[in-house]
Number of protein chains: 2
Amino acid sequence: MDQRKASNAKRGGAPTSADVARLAGVSQATISLVLNGRASKVRISEETRKRVISAAAQLGYTPNHAARSLRQRSTKIITFVLPTLENPYYSDIVSAAQIAAQQHGYAVSVIPARTKPGEFHALSLLQGAAFDGIVVAGRENCAAPELLQLAARGVAVVALQERSPDPSIYSVSVDLEAGGYLATRHLIELGHRRIAHVMEELPRPDTWRDRVDGYRRALAEAGLPLDPSLVVITENSMAGGCKAIEQLLLDRQRPTAAFMYNDQMAVGALHALRTHGLRVPDDFAVVGFDGLAMGQFTAPPLTTIDHPRRDIGRIVIETLIGAIEKGSLEVKQHLLPVKLLVRESCGGLEAPNQKP
Amino acid sequence: MDQRKASNAKRGGAPTSADVARLAGVSQATISLVLNGRASKVRISEETRKRVISAAAQLGYTPNHAARSLRQRSTKIITFVLPTLENPYYSDIVSAAQIAAQQHGYAVSVIPARTKPGEFHALSLLQGAAFDGIVVAGRENCAAPELLQLAARGVAVVALQERSPDPSIYSVSVDLEAGGYLATRHLIELGHRRIAHVMEELPRPDTWRDRVDGYRRALAEAGLPLDPSLVVITENSMAGGCKAIEQLLLDRQRPTAAFMYNDQMAVGALHALRTHGLRVPDDFAVVGFDGLAMGQFTAPPLTTIDHPRRDIGRIVIETLIGAIEKGSLEVKQHLLPVKLLVRESCGGLEAPNQKP
DNA sequence: ATGAAAGCGCTAACAC
DNA sequence: GTGTTAGCGCTTTCAT
């Protein structure tokens, strides 16, 4: 009653800049100037600056995010839309992204979108410009038409491992084809002739060259036939890898090696082989894909195709922030190299058995 | 120039409710009424309703999140602050939470806070009420004084696996002590006498009973001595588990079994044992903690303490939304039961070897 | 049944 | 140097 307006803090909510202004005996504008560092334009006297700082500290003032975002038309949040948190693959990417983003004053969050098609929805709901930029992973998510709309409205979008026909959507990918080639060639060099590839279902095979294309190339290069019964499609999980291998072992002409879609599936594969009494790598060789930390601790340690995950995270953020702040970028598509990481699941130097 | 105000859509941004209003030939208020379903109060004629819907669809209108949040003082977002995405432990929790939240009209996001103390900061920055509720995991994060402040301002906070002295912070936990007891007793029943416990550093041992307390209880109950050299503290990772076991194997009086802090560390333990030529469970038994899917695929499959992760996720959300909407809740602390999941890493029925 | 207008908390022109 | 003012896009009384 003594004030035109009750202090917000008194009302139980968070203190507002008006509260700070009242306490410091200055105007709201001054608060904003000081707290956003624009006081460096020497427009604010050192004396007031200190008063404002201390008043803000005393009240525990934090600017209201919604209000600021509304006014500035920018949230300073970049979000990752991931199919699941189950696979630690994204862990390093997100960590690296977070560090890079922080340096530019952005925060990163993750929203897990269930892979069921309809539920990209969760994002669509959030997209009243709740984020300045989004990075999308997972085929289902990348395919969503909402992405184009977002991009059209000025939200920066980068797709992980997925090329969009629309040029407004950037992409950062790893060279899957090269990875597939490297993995398969490694197996061939070790003497294997019947090499299986276990993969997940690929919805739009023409969009992007995947592991299987590199697998084919390596086979062709070595003059090895491509046996369709050796390419099995399964669910993307440890259990899926396990089942796929069991199926392959039923074949009257067993393969002697398998190149697995990713490390998770490879873990399943190792398990299936062990269960069936096959020794790895002596009886059967396995190559994974991703380079997860886990691969060091499998039995035996997993030979795999390592991804530069920290680089991915950093480049994603640089791309996104570039797009947000400059509007448009020269290079729309980044393609990062992979490398073969030799551990023990293929044997190293000794010649493996030829098919039994 | 033909309108008082240029359409926002024309300016390249997202369409606003004013744009929709103009197109439908009604007022902004009507748009809001219709789109928020408050038209069910029969205040809006079916005719206008349809016109609004179609105008909105035509423009691809989505309400601006910042503006709505500002006006309603609520964001309808609940965020998880997790120490890392590396450990898939949280995956199921977050999934279950997302499903529950969605039913109440809330979205869930995750923000990974690096465990280094200073960097809870990232959150503190975001907390200009950017979220209606937050759930915090990880000791470092839970300990942050910012939490109390947030709670004081009306942000609902639940801590995972951590009891706060402040009653305004809710908690949902699993009965760690019981888990430790179950794991250790299982080992004792199998005939082990020298049982190690590998754990991570616990900063404030008095806050909450942890696995190690259950371990002590089981030992005491069986009249077994507590040998301090058998309790080793290591980094929380597969590599940490590995190193801890290697250290234990150096002991002139080796343990015959280890109860590991979590499944990740247990994976490291299995690896170390394998490397040193010990057979599990014949030469050494291992119990994990968490019940990750991964445990089915280790060599051998891991006996562990399973957590009701889906229940945790659901209860967290119910608690949070209850707190947000009702203001205060009867039950502040939830303690959920765990159960022993017997696989093969301890042997099942046959008696293990007594110490070598 | 609908429109007009106020205001959420903040920042950015523009005054003084 | 600092205060005043005008919105950002939305929801919500209160009029009509």
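First the proteins, then the strands, lettered A, B, ... as listed; each starts at 1.
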Is there a side-chain contact between B:F80 and B:V108 (heavy atoms, below 4.5 Å)? yes
Between B:V81, B:L160, B:V94, which is the residue that forms a side-chain contact (heavy atoms from CB on, under 4.5 Å) with B:V135? B:L160
Determine to 10° how strongly the helix from C:dA1-D:dT16 to C:dC16-D:dG1 is bent, judged from the axes of its five-pair ends. 40°
Could you state the CG-P distance from A:L35 to C:dA12, rounded to the nearest angstrom? 13 Å
Passing option when A:I78 is tested against A:V158, A:I321, A:I134 for side-chain contact (heavy atoms from CB on, under 4.5 Å): A:I321
Under 3.5 Å donor-acceptor, A:T75 side chain and A:D132 backbone: yes
Quick one: pull up OG in B:S95 and CD in A:E86 and give me the separation to the nearest 0.5 Å. 7.5 Å
Under 4.0 Å between a side-chain N/O of A:T48 and OP1 or OP2 of D:dG1, yes or no? no
When you measure from the side chain of B:R314 to the backbone of B:A96, do you find a donor-acceptor pair of N or O atoms at a distance under 3.5 Å? no
Quick check against the 3.5 Å criterion: does A:T79 have a side-chain atom that pairs as donor or acceptor with the backbone of A:S109? yes
Quick one, give me the B/S/- string for nucleotides 10-16 of chain D, reading 5' to 3', where B means a protein heavy atom under 4.0 Å from the base and S means that only happens at the primed atoms, P, OP1 or OP2. BBB----
Measuring to OP1 and OP2 of C:dT11, would you say a side-chain N or O of A:R73 lies under 4.0 angstrom away? no
Counting the atoms with a prime plus P, OP1 and OP2 as sugar-phosphate, which does A:S69 contact under 4.0 Å by heavy atoms, base, sugar-phosphate, or nothing? nothing
Which residue lies more 5' along DNA chain C, comparing B:L70 with B:G25 via nearest heavy atoms: B:G25
Please find the pair of heavy atoms, one from B:S69 and one from A:A66, that lie closest to each other, and give the distance. CB-CB, 3.8 Å
Roughly, in whole Å, what's the span from NZ in B:K50 to P in C:dA1? 16 Å
